[in-house]
Amino acid sequence: MVGTVEKAPTVVHGACPHDCPDTCSMLVTVEDGRATKVEGNPEHPFTQGTLCGKVSDYLDRVYSKDRLLYPMRRVGPKGSGQFERISWDEALTTIAEKFKATAAEYGAEAIMPCSYLGHEGLLNGLTVGDAFFNRLGATVTERTMCISCTSTAYLMTYGPTHGTDPDTFRHSKYIVLWGCNALSTNVHLWPFIQEARKNGAKLVSIDPVRTRTAKQSDWHLPIRPGTDGALALGMMHVMINEGLTDDDYIENYTVGFDELKARVQDYPPEKVAETTGLAAEDIVTLAREFATIQPSVVRIGVALEKQAGGGQGVRAISCLPALVGSWRHLGGGMLQAPMWPFPIRWDVVHRPHFIKPGTRVLNQWQLGRILTHEVPLDPPIKMLFVYNCNPVTQAAEQEKILAGLARDDLFTVVSEQFLTDTADYADIVLPATTQVENLDLMFSWGHTYVTLNNAAIAPLGEAVSNTELFRRLAAKMKFEDECFQLSDEQLTMEVLDWSAPVMEGIDMDVLKAQGYAKLKIEEVPHAEGNFPTPSGKCEFVSGMEVDSNFVLPAFRQGYETYEPGEPVDPLPTYTPQKESAHSNPELAKRYPLSLMSAKPHQFINSCFANLPKHAKLQGGPRLIIHPEDAQPRNISDGQLVKVFNERGTFQAPAMVNDMTRQGLVVAPLGYWRKLNPAGGTINATTSASFTDMGHTAAVGDSLVEVALASAQPSFGAQILTRLFSLFTRDKKEKAVGVKTKH
Ligand SMILES: Nc1nc2c(c(=O)[nH]1)N[C@H]1C(S)=C(S)[C@@H](COP(=O)(O)OP(=O)(O)OC[C@H]3O[C@@H](n4cnc5c(=O)[nH]c(N)nc54)[C@H](O)[C@@H]3O)O[C@H]1N2
Ligand SMILES: Nc1nc2c(c(=O)[nH]1)N[C@H]1C(S)=C(S)[C@@H](COP(=O)(O)OP(=O)(O)OC[C@H]3O[C@@H](n4cnc5c(=O)[nH]c(N)nc54)[C@H](O)[C@@H]3O)O[C@H]1N2
Ligand code: SF4
Ligand SMILES: [Mo]
C-alpha cells in the first residue's frame, strides 16, 4: 500500500478486474472509509497511469444505486425481476438443501455451475468455484467462449510462450493489427504503437470493418470475415515463391517447411483475392512488406477465432513471423496473449482430484440447448449456479436460454453485482463485491506484469467476494477439506508458484510496495528458436496432438479425459465459414447477410451497459449496414430494423454506413435485453456452434436477414437517432487514446 501510515486520505494499490488484456494497475483513494477516486498508476510501465473511459468512472459502478447489496429470494414469476430481501443464512440454507435434494433425487450431475470472466482475478475469477463444484460432484462445465481456439492454434505452432512482449512494440517497424480493434479493446498498446510509428513504423489493420483503429492505421485491408487463413497462406505463397523467407531461421528453428511450401502452392494471390475480397496486388504488397521491413510483428485480436475455421486461420497467421525471421529482432514476432508464462497452479485452482472419473462435462456455450433438453441429458440439469457471467446477453441462442431459465423445475442461483437479464430469472440472488472491496492477485492476457489488488474499502451492504461465497457454501455443506478453509491471503500464496524462475525477484512485499511486478522473461525470446513445443522449434507441422474436442488445461475445469473429435490437420489450412453462400447456398438465400458483433467501446462485454453515463456515451443499440444492402431493403439511417434468422430476432435502429463491407452487418455487443426497448440483443441470432479447435464460440459464423421493423419510431425520433449517432461517433473519436509518456 502507498501511504497507509499517513493520515486520511489513503491511496491503495488496486487492479482493474475486467476481462480486458490491459489489466491496469489502479490507485484508489479512500477517505473516511469511502473510495473517492480511482486513477491509473503512473508508475506502471505498460498501463502508464491511465484507465480507459469505462473504468475511470469505476466508482459509479461501486456506488451505483442499483448495486445488489443483500441476498434475495424470488417472489414474482421467473424473469420478472421481483425479489425480496432474505438473510445470508436463509439463502445459504436454502441453496444447500437444494444441492442435497437435487443430488439425492437425480445425482449431483444435475447441478451445473455457469461462470465466466466478469472477474479476471486469480482468486475471484474464472476458476473460483471449481474446487467447490468438483467436490460436490456437479457436472463439470467447460468454459471456452473466448480465446481457447486462438490459444490452441498458437500453442500448436509455438507452444506456451509469451511471444513478443508488448513492452517492446515500440521497436517494431511494421505492425499488423490483425482482427484487433486495439483502440477499443487493448488501448494501452496504442502508445507503444504510436511511438514505433514516430520512429517510422507502418501500421496495418486487417479488419472487415473500418473501425476507429482501422481509420487511424496507415493501411486498412477490409478483408471478408473468416477468410484470414486464406490471406496468410496467400502471403506465404508470395514470400516463399519470391525468395523472401529467412532460410537460415527456417533451417535451424522450424519443422515442416517442405510440407508448408507444398500447401501454400494452392493459394496464389489471384485466388486468395477472390476468397478474401482484397486486391491481389495488396496481398503481394503486404507479404513483401511484412517479410522485408524488419522487425515486423503481428498482434492478433480474439475475434479472428470466432469462425468455423478460426483456429486454422490463426495457425496460418502464426507461421508468418517464423518464415521471415521476425523473431530474431527486438519488437519482431507475434503477440497472441502473453499469459502463458504466469506460473498459475492449475492443480490448486481447479482441484481436479475431486472429480470422480467419468463425471459429465458440458460446454456452457450451448447453455440454451442444455437447459431446453435439446441436448438429451441423463440426468437433466435441475440446478444452475451462475457467477461472474451473464449468459442471457453473452451466450448464443438467447431465446433458448430464456426458455430454459423459465423452466419451473430449474432452480437457479445467481451471484451478481447487478440485477442483470440473467439474474432476473434467479430463485436466489446473492450480492457480490466489486474490486475495491476485495483482495485479488491478477495475471494478464495483454502484458507480463503480476498485479496486486488490495481491498480498499469494506464490502458494501452484505456483499461478499466470490472466494468468501464459496467458503460460506462449503461450510454450509460441511466440506471440511483444507482448501475450503483458506483465507484470501493464503490463497494468494497458493494460486501461483512463487518459486518459478519467472517470479525471480517478485514476492508479496514487492507487490505491496509497488502494486505490480514484471515477470522475468526474455525480451527477444526466440532469436534462436527455443520454442516450448515438442520439437523445441516453430512447428509448421504441429507435433501437438489436437482434435476438434481438445481443450487446453487452462480452459477445462480440471477434467482429464474426453471423447476425441475430428482430427485437426497438423498443417495450416483454410476452412471457409459454415454459414456462407459458399458452404450453405440454401441458407444464404434465406439469410444472405453475415452478422458480426463488435466489442462495445464503452462497455466490457455486458458490464457497464446498465450505467447511465456509459450507456449515453456508447449510444443505443444499432445495426451498421452497408448502403448497397440498405437500399434494396428500403432502409435508411435511423429506421428501426429487425435482424432475424431461424434462431431468433433482435431489433435496433439502422446506421447506414460504408464502414462495413457489402454483405456484412455489424452490431455492438453488450446491451442488456431488458434495456433495449426495441427488443432482443445480438445473441438472439448468433450460432451456438463451435470453432474448428478449442471449442470456442463460432459467433462470427452467423447468417441473418434484415428488414424494416413493423412499428417505426416517429420521424422526429428518427432524426434524433441520426443526430445522436453522429454526435456520439464524433465524440468517441475525440475520446480515443491514451497519453504516451515515452
Ligand atoms: N471496450 C471493450 N474492450 C474489450 C471488451 C469489450 O467488450 N469492450 N472485451 C474484451 C474481451 S472479452 C475480448 S475477447 C477482447 C476482444 O478484442 P478484439 O478481438 O480486438 O475485439 P472484437 O471487437 O471482438 O474484434 C476485433 C476486430 O476484429 C474484427 N473481426 C471480426 N471478425 C473478423 C475476421 O473474421 N477477420 C478479421 N480480420 N477481423 C475480424 C472486428 O471487426 C473487430 O473490429 O476485447 C476485450 N476488451
Ligand atoms: N455475440 C457475441 N457474443 C459473445 C462475444 C462476441 O464477440 N459476440 N464475445 C464472447 C466473449 S469473447 C466473452 S469473454 C464473453 C463474456 O461473457 P461474460 O463473462 O458472461 O460477460 P460479462 O459481461 O463480462 O459478464 C460478467 C458478469 O459478471 C458480473 N461480475 C463481475 N464481477 C463479479 C464478481 O466479482 N462476482 C460475481 N459473482 N459476478 C461478477 C458482472 O456484473 C457481469 O454481469 O462473451 C462472449 N459472447
Ligand atoms: S477495462 Fe481494460 S483498459 Fe479499462 S481500466 Fe480495465 S484493464 Fe484498463
Ligand atoms: Mo473475451
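Counting convention: from 1, in listed order, for ligands and their atoms alike. Bear in mind that the values here come from a model prediction, so they are computed numbers and not experimental data.
- Here's the thing with T227: none of its N/O atoms is less than 3.5 angstrom from an N/O atom of ligand 1.
- Against a heavy-atom cut-off of under 4.0 Å, D228 is close to the following atoms of ligand 1: 34 (C), 35 (O), 36 (N), 37 (C), 38 (N).
- When only non-hydrogen protein atoms are considered, atom 6 (Fe) of ligand 3 lies nearest to C16 SG, 2.3 Å.
- Of the possible donor and acceptor atoms, none in the side chain of N181 sits under 3.5 Å from a partner among the backbone N and O of T185.
- Scanning the protein heavy atoms around atom 2 (Fe) of ligand 3, the nearest turns out to be C20 SG, 2.3 Å.
- In this structure, the protein non-hydrogen atom closest to atom 43 (C) of ligand 1 is D207 OD2, 3.2 Å.
- Annotation: atom 5 (S) of ligand 3 to nearest protein heavy atom, V55 CB, 3.5 Å.
- With H447 contributing its side chain and D167 its backbone, the two residues share no donor-acceptor pair below 3.5 Å.
- If you check which protein heavy atom lies closest to atom 38 (N) of ligand 2, you get S415 OG, 2.7 Å.
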For the pair R647 and E579, evaluate salt bridge (Lys or Arg N to Asp or Glu O under 4.0 Å) and give the outcome as yes or no after the intermediate values. CA-CA 13 Å; R647 291 179 284 261; E579 294 199 5; 2.9 Å; yes
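- Residue contacts with ligand 1: C146 is placed with no nitrogen or oxygen under 3.5 Å of a nitrogen or oxygen of the ligand (distance criterion only).
- Checking C52 against atom 2 (Fe) of ligand 3, every N/O/S atom stays at or beyond the 2.8 Å cut-off.
- When P431, G700, G118 are checked for heavy-atom proximity to atom 26 (C) of ligand 2, G118 turns out nearest.
- Atom 36 (N) of ligand 2 has its closest protein heavy atom at N466 OD1, 2.9 Å.
- Residue nearest to atom 9 (N) of ligand 2, selected from M145, K599, Q394, M596: K599 (by heavy-atom distance).
- In this structure, C180 counts as a contact residue of ligand 1, since one of its heavy atoms falls inside 4.0 Å of the ligand.
- Among protein heavy atoms, the minimum distance from atom 15 (C) of ligand 1 is reached at W445 CH2, 3.7 Å.
- Residue nearest to atom 8 (Fe) of ligand 3, selected from C24, S184, S25: C24 (by heavy-atom distance).
- Scanning the protein for heavy atoms near atom 32 (N) of ligand 2, the closest one is Q417 NE2, 3.3 Å.
- By the 4.0 Å heavy-atom criterion, H188 is counted among the residues contacting ligand 3.
- What sits closest to atom 14 (S) of ligand 2 on the protein, heavy atoms only, is D19 OD2, 3.0 Å.
- Without hydrogens or angle criteria, D440 side chain to Q435 main chain gives no donor-acceptor distance under 3.5 Å.
- Looking only at protein heavy atoms, the nearest one to atom 19 (O) of ligand 1 is V302 N, 2.7 Å.
- Residue-ligand proximity: K54 is placed with a non-hydrogen atom under 4.0 Å from ligand 1.
- The side-chain heavy atoms of L126 and Y116, taken from C-beta on, include a pair separated by under 4.5 Å.
- The residue from R143, H18, E416 that puts a heavy atom closest to atom 44 (O) of ligand 2 is E416.
- Of the candidates N388, V414, L430, T433, the one placing a heavy atom closest to atom 39 (N) of ligand 2 is N388.
- Close N/O approach between T211 and ligand 1 is not found [any backbone or side-chain N/O within under 3.5 Å].
- Looking at P600 next to ligand 1, an N or O pair under 3.5 Å apart turns up.
- Scanning the protein heavy atoms around atom 8 (N) of ligand 2, the nearest turns out to be S597 OG, 2.8 Å.
- For atom 1 (N) of ligand 2, the closest non-hydrogen atom of the protein is N683 OD1, 2.7 Å.
- Using a 4.0 Å cut-off between charged side-chain N and carboxylate O, D488 and R471 make a salt bridge.
- When only non-hydrogen protein atoms are considered, atom 45 (O) of ligand 1 lies nearest to T185 CB, 3.4 Å.
- For ligand 1, the polar-atom distance check finds no N/O of V209 at less than 3.5 Å from any of the ligand's N/O atoms.
- When each atom of ligand 1 is checked for a heavy atom of F603 under 4.0 Å away, the hits are 1 (N), 2 (C), 6 (C), 7 (O), 8 (N).
- What sits closest to atom 6 (C) of ligand 2 on the protein, heavy atoms only, is L669 CD2, 3.6 Å.
- The N/O atoms of K306, backbone and side chain alike, include none that comes under 3.5 Å of an N/O atom in ligand 1.
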